[in-house]
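Order of the sequence lines fixes the chain letters, A, B, ..., with proteins taken first and strands second; residue numbering starts at 1 for each chain. None of these values were measured; they are calculated from a predicted model.
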Amino acid sequence: MIKVENVVRNYHAGETVVRALRGVSLEILKGEFVSIAGPSGSGKTTLLNLIGCIDQMDGGEISIKDEVISTMKKKEKTNFRRINLGFIFQTYNLIPVLTAYENVAFVLSLLNLPEKEVNDRTMAILKEVGLEGMEHRRPSRLSGGQQQRVAIARALVKNPEIILADEPTANLDSETGKEILDLMKEMNEKHKTTFIFSTHDSMVMDYASRLVMLHDGQIFSDKRR
Amino acid sequence: MKFLISLAFKNLTRYKRRTLITAGAIAVGLMMYIFIDSMLMGAEIESVRNLKWYETASARILNEEYWENRHQKPLDISIKNPDKIIRKLEENGIMATKRMTFSGDLILNSDDFGEDGNLPVSVTAIDPERDSDVFEFGSTLMDGRFLESGEDGVLIGSWFAEDIGAKVGYWITFVGRGNAGYVAMDLEIVGILNCPNPNVNRTLLMMPIATADEYLAMDGAATEINVALPENADVDSDVIRIQELLNGDNLTVMSWKAMAADYLALAEAKRGGSGMILFLIFIIAAVGISNTMLMAIFERIKELGMMRSLGMSDGKILLAFMIEGAGIGIIGSVVGVLLGIIANFILINVGIDYSFILRDMDIGYRIQAIFRGVWNPGTMIKAAILSVLFSTLFAVVPTFRAIRTDIPACLRHQ
Ligand SMILES: Nc1ncnc2c1ncn2[C@@H]1O[C@H](COP(=O)(O)OP(=O)(O)OP(=O)(O)O)[C@@H](O)[C@H]1O
Ligand SMILES: [Mg+2]
């Protein structure tokens, strides 16, 4: 479903050129639970950003659901993301003035769905991620783990094909991290959503059904289990 | 949209202080605008009234050549048979009164004034029986009594009286040049007028026209005939009508607008002053809103990256921040208009006493001391709408800056 072909991404920092990705090729199937792992600076975030259509590659090609990303215009990319992609961030990135419910409903409001449907789907997904009864709390009254659950609900609520998560557990203690990974795995199996998450934590890698190791902007190993 | 509005207002409460300071600045600017506009407008209305009541009347009939020579106050460029014209106007339902103005020297006698002295003055000779049909001097009497026809009496403006130390019962001597050469008139001050028009009150000397006629050998002539027209009459068409009634006779009719052209130009210029204040509000809104929004956007840059990742379009993001700008503008406008109403209420009921300036200085307005405002809802609505509009527009620039930043950079931001 996702085809990454010989992708190159260079950053220009003054005179020097940082070659963040130097020819990465990868195919990810629907419903996979993939971990992109590797040491700091190996290009994990860069790869996720490119698959997430929020960055531009300098070479190669990515296609998602047979749609070629590099030729898309800015607006088309925005629309594509709105419909097909969900994001989970290391720092949760919830809107602090909105409640858990509103943070999730926000995504559906972008899709112009009827109010009733927004309400039903939001309540259902919040229940699924284990936040029943906490719908009207603001992020400041939720723990880190609970905030990341809101973020997972936000990513899932529109039923995207793919969810991208850049270091989703890096800000959590290992116990809570495991709970979040369990939840992600559960959602992956239940909704058949493709999950791609990056990490440099070996405990997190253990959860993946497929482990892609990056090193210096290149794929070092790629194992399914 | 509903969601964006609710988000915008929640975000405004997130930075309460900053929102309130920016909105407060807009509110104060708006209040100032409403206040000053009201004061200028009030001053204009009162000035026009005092101009017509004490200076120009609604219109004036003059000898054709008089206006260009008016500064010499010539007695020989006159209206020969004013009473006939007044009768004719009256037959056509128009009230009018004749006057004669002339200049000369006032001799002050040490018996009354403590020391001898003389100063150039101009005298207005009026018809005591008819003057109040057109002018409003009758109600301005502060001391003594009004003039009686044919007496050797004079009325004096209260500021003029104050300046020369004149009192009711004092005698003055006027020396001037009449049609039969130099004459001197001894006149008794019979009353002091407190005229609300400072230009008049500062210089006014008023005597009966019959007395002046005799001293100056005018043979019944007058230098002007002043005409009263209804408050809301179309002066220009009435002037044409009167001109037609006069047909020929070397006479011309001037409206108060033509006579007060200098004043009207000045009032126009002062109105430009309130435009400056509107411009000031514009600057406050521009700087305040841009800055506030810039800070808000900078602090929320990561959030913005998240929203854009999730597929929120640039247009919607722009809209969201414009609504926030509008929100600040609305708060500022509502508070500003309320403050403006309070300030204006005080201005209308108490007024501002500018007598300390106006007593010794001519600033153009025909107001003696107290400036009062007027209600002008149009100004308030206009200013409020403009404030909201400015505030909305000035959110655009910083938002564009944020939208131009690429999404990974937004997300990486700490
Ligand atoms: N905007 C940028 N400008 C310049 N260099 C960059 C930029 N973003 C990333 N890089 C460089 O590209 C390389 C890959 O970065 P990337 O963020 O993808 O690594 P990562 O694997 O996500 O690392 P980490 O584990 O620290 O998050 C690094 O050498 C990094 O310094
Ligand atoms: Mg990274």
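Under a 4.0 Å N-O distance rule, the pair Glu32(A)/Lys192(A) does not qualify as a salt bridge. Looking at Asp314(B) and Lys74(A), a side-chain N of the basic residue comes within less than 4.0 Å of a carboxylate O on the acidic one, giving a salt bridge. Salt-bridge formation is not detected for the pair Glu102(A)/Lys2(B): no Lys NZ or Arg NE/NH1/NH2 atom is positioned less than 4.0 Å from an Asp or Glu carboxylate oxygen.
Heavy atoms of Leu110(A) lying under 4.5 Å from chain B belong to its backbone as well as its side chain. With a 4.5 Å cut-off on non-hydrogen atoms, Phe87(A) touches chain B through its backbone and its side chain both. For a residue to count as touching a neighbouring chain, one of its non-hydrogen atoms must lie under 4.5 Å from one of that chain's; by this rule Asp406(B) does not touch chain A. Using a 4.5 Å cut-off between heavy atoms, Asp166(A) makes no contact with chain B at all. Only the side chain of Leu411(B) comes within less than 4.5 Å of a heavy atom in chain A; its backbone stays farther off.
Between Phe197(A) and Phe33(A), a ring centre-to-centre spacing shorter than 6.0 Å is recorded.
Judged by a 6.0 Å distance limit and a 45° cone about the ring axis, Lys75(A) is not positioned over the six-membered ring of Phe80(A).
With respect to chain B, the highest number of heavy-atom pairs below 4.5 Å among Asn112(A), Asn79(A), Thr91(A) belongs to Thr91(A). Contacts with chain B were tallied for Leu164(A), Val107(A), Ile95(A); Ile95(A) has the most, counting heavy-atom pairs under 4.5 Å. Contact tally against chain A (heavy-atom pairs below 4.5 Å) for Ser309(B), Ser313(B), Ala409(B): the top residue is Ser309(B).
Ring geometry for Phe390(B) versus Phe394(B): interplanar angle of 30 to 60°, hence tilted.
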